[in-house]
Amino acid sequence: MAIKNAYLLDLLERTKKRNPNEPEFIQAVSEVFTSLEPVIEKRQDLVDAGVLERLVEPERQIIFRVPWVDDNGKTQVNRGFRIQFNSAIGPYKGGIRLHPSVYLGIIKFLGFEQIFKNSLTTLPMGGAKGGSDFDPKGKSDGEIMRFCQSFMTELCKYIGADCDVPAGDIGTGAREIGYMFGQYKRIRNEWVGVLTGKGLTYGGSLARTEATGFGLCYFTKEMLAANGMSFDGKTVLISGSGNVAIYACVKAQSYGAKVVAMSDSNGYIYDKNGIDIAAVKEIKEVKRGRIKDYLNYHKDAEYHEGCKGIWTIPCDIALPCATQNEIDGESAAILVKNGCKVVSEGANMPSTPEAIDTYLANGILYGPAKAANAGGVATSGLEMSQNSIRYSWSFEEVDEKLHNIMKSIFKACDEAAKEYGMPGNYMAGANIAGFLKVAEAMKAQGNV
Ligand code: NDP
Ligand code: 2IT
């Protein structure tokens, strides 16, 4: 991926200077700029309106102290973030990541990507992301609760059902959302849909838990069908074993695929008979254990230390569902050599630029994250709608809406790629289609 347009190159340089030491953010911006070259050449009006200069500068960046008391009575201090990137098409919307690797550059790359992803969903949602360098691993339930309450005590000043609606991401699931929701309600004394991913007894949407993984498979199914393929009988690798990975596995298996490997940050399991997803769910959702524990259920499965090795297993389809930059150029080359035909992204930015170049050069069908994993936030949008009308739809109703949204996302990516002369390049299609809607809205609303 190389940018040739002089205006985009200059803006990228200025963005690098203004945001030093944030390589993930620059990576996300560079990828979008690469795709936008043919748009910028046709749309001088968007250049004149300063749309891109405004897009790469968050509307608001909030960084705050999160003090909490651990089980030994000692005060711990973490750093909290909320980056409200763009509100042109709707209230800020995006998840909260709790992981020790979190710093400004991670939250900014995620917030930037969220702008285009949310635009693709067809629902009115702006882009945002938040999080903290808090490490939930090994913490007691009481420690998690005290952290979440302290985080929300500060965050609640900046969010609201019509302003900014956070949700889950790595390390933030139903438990954490519950504690945050309780604290928001207590401080603000209002019961509103200020968070999504809530429990089903207090305003959560059916199918939100499954949505990102299911949506990934709905998108991938469309992409496969458009290219004369299907999941049926295919060998699939899924990295991660969290929320996205588990429900991607459930749906891929229901489509007749054989998922043979899953992972966590310590290592991966290989089960030549096909992953027993009920065992993975028990290990991860009930016991909060490690993927290695799978061997307690299936003695004939293999466990290997390290995360990268999963990409050396021969497969037809790879679904990275763990974290950013988990497939580098070397792993991508191994996937290609082993006959992999499809990479579709459940995680955000899981492929390095070198990996993406390798996919495109070798005719891999590539489903980019901001399109392929948009089902999670799309269903969050549906949760917001249900909260607003004070009603809840059945699982089947939400799932059907999600399915239709993923179909329309694939169509938008496919058509934009064709229109701008890059048929089959769904990354370019996603970036262009996501961008154009936001750009038109920004232009129409004046220089704000
Ligand atoms: P979870 O916390 O439920 O699971 C994360 C999984 O990824 C775990 O298996 C974890 O392993 C692994 N992982 C996390 N960080 C690393 C790392 N640095 N190296 C290797 N493995 C890692 O998160 P989700 O399933 O919700 O999120 C997974 C990805 O999907 C993220 O990129 C997220 O941004 C993206 N996403 C999530 C959506 C959602 O609705 N939840 C929506 C759209 C995208 P371990 O347990 O060892 O940490
Ligand atoms: O990356 C993502 O899209 C998410 N973590 C979900 C965001 C949301 O608001 O549901």
Side-chain angles (χ1 to χ4, degrees), residues 99 136-141 144 168-176 197 199-200 206-218 220-221 231-323 326 340 344-347 350 373 375-376 395 399:
H99 194 271
K137 282 203 190 80
K139 301 291 189 295
S140 70
D141 199 52
I144 297 280
D169 193 78
I170 290 177
T172 306
R175 173 178 60 166
E176 291 72 21
L200 297 176
L206 285 159
R208 176 62 187 91
T209 304
E210 295 83 356
T212 312
F214 278 21
L216 170 65
C217 291
Y218 295 150
T220 308
K221 183 170 165 253
F231 267 112
D232 194 30
K234 300 293 188 305
T235 300
V236 177
L237 306 178
I238 299 182
S239 63
S241 46
N243 174 262
V244 180
I246 286 175
Y247 292 95
C249 181
V250 168
K251 188 53 81 176
Q253 288 180 338
S254 80
Y255 285 151
K258 187 174 184 189
V259 180
V260 294
M262 292 182 80
S263 64
D264 61 22
S265 58
N266 294 111
Y268 67 94
I269 47 160
Y270 171 67
D271 189 339
K272 62 178 185 323
N273 301 317
I275 293 289
D276 170 2
I277 195 63
V280 175
K281 284 175 86 163
E282 186 169 295
I283 293 163
K284 289 289 173 177
E285 293 182 341
V286 182
K287 298 183 175 164
R288 295 183 187 276
R290 307 305 300 161
I291 201 70
K292 188 180 185 178
D293 303 341
Y294 188 85
L295 298 186
N296 299 334
Y297 296 74
H298 293 278
K299 302 229 168 337
D300 50 344
E302 295 171 21
Y303 175 75
H304 300 270
E305 289 287 336
C307 327
K308 264 186 83 173
I310 191 169
W311 309 121
T312 64
I313 303 170
C315 71
D316 302 302
I317 300 173
L319 303 177
C321 295
T323 194
E326 53 172 314
C340 174
S344 201
E345 299 179 332
N373 75 27
F395 187 97
D399 191 36

Answer whether the closest heavy-atom distance between the side chains of Met262 and Tyr294 falls below 4.5 Å.
no
Are Ile269 and Glu302 packed together at the side-chain level, in the sense that at least one heavy-atom pair is separated by less than 4.5 angstrom?
no
Can you confirm whether Gln253 sits close enough to Ile277 that some side-chain heavy atom of one is under 4.5 Å from a side-chain heavy atom of the other?
yes
Quick check: does any side chain N or O of Lys284 sit under 3.5 Å from a backbone N or O of Gly289, one acting as donor and the other as acceptor?
yes
Rounded to the nearest 0.5 Å, what separates atom CD1 in Ile283 from atom CZ in Arg290?
11.0 Å
Which value, rounded to the nearest 0.5 Å, describes the distance between Asp316 atom CG and Cys340 atom SG?
7.5 Å
Rounded to the nearest 0.5 Å, what's the gap from OH on Tyr247 to NZ on Lys281? Could you check?
3.5 Å
Is it the case that Tyr218 and Asp399 place a side-chain donor and acceptor less than 3.5 Å from each other?
yes
For the atom pair CD1 (Ile291) and CG (Asn266), what is the distance rounded to the nearest 0.5 Å?
10.5 Å
If you compare all heavy atoms of Pro136 against all heavy atoms of Gly171, which two are closest, and at what distance to 0.1 Å?
CG-O, 4.1 Å
Aromatic rings His304 and Tyr268: how do their planes relate, parallel, tilted or perpendicular, breaks at 30° and 60°?
parallel
Could you tell me whether Lys292 atom NZ has more than 12 heavy atoms of other residues or ligands within 6.0 Å of it?
no
Inspect the contact between Lys287 and Asp293 and indicate whether a charged nitrogen and a carboxylate oxygen are less than 4.0 angstrom apart.
no
side-chain contact (heavy atoms from CB on, under 4.5 Å) between Ile170 and Thr323: does it pass, once the steps are laid out?
CA-CA 8 Å; Ile170 290 177; Thr323 194; 3.9 Å; yes
Nearest 0.5 angstrom please: Glu210 CD to Cys217 SG, how far?
12.5 Å
Contact summary for Ala252 and Val259, nearest pair of heavy atoms
CB-CG2, 4.2 Å
Can you see which heavy atom on Leu295 is nearest to which on Tyr303, and at what distance?
CD1-CB, 3.7 Å
Would you say the side chain of Trp311 lies within less than 4.5 Å of the side chain of Pro320, judging by non-hydrogen atoms?
yes
So Phe214 and Val250, do their side chains get closer than 4.5 Å, heavy atoms only?
yes
For Glu285 and Ile246: C-alpha separation, side-chain torsions, deciding distance, then whether side-chain contact (heavy atoms from CB on, under 4.5 Å) applies.
CA-CA 10 Å; Glu285 293 182 341; Ile246 286 175; 4.0 Å; yes
Closest non-hydrogen atom pair between Lys137 and Ser265, with its separation
NZ-OG, 3.9 Å
Taking every non-hydrogen atom, the tightest pair across Ile275 and Cys249
CG2-SG, 4.3 Å
Name the atoms and distances for all side-chain donor-acceptor pairs under 3.5 Å in residues 235-245, with sequence neighbours left out.
| unit_1 | atom_1 | unit_2 | atom_2 | d |
| --- | --- | --- | --- | --- |
| Ser239 | OG | Cys321 | N | 2.9 |
| Ser239 | OG | Glu326 | OE1 | 2.6 |
| Ser239 | OG | Glu326 | OE2 | 3.4 |
| Ser241 | OG | Ser263 | O | 2.8 |
| Asn243 | ND2 | Thr209 | O | 3.0 |

Kindly give the heavy-atom pair with the smallest separation between Ser344 and Thr220, and that separation in Å.
OG-OG1, 2.8 Å
CD of Glu282 to CG of Asp276, rounded to nearest 0.5 Å, is 9.5 Å
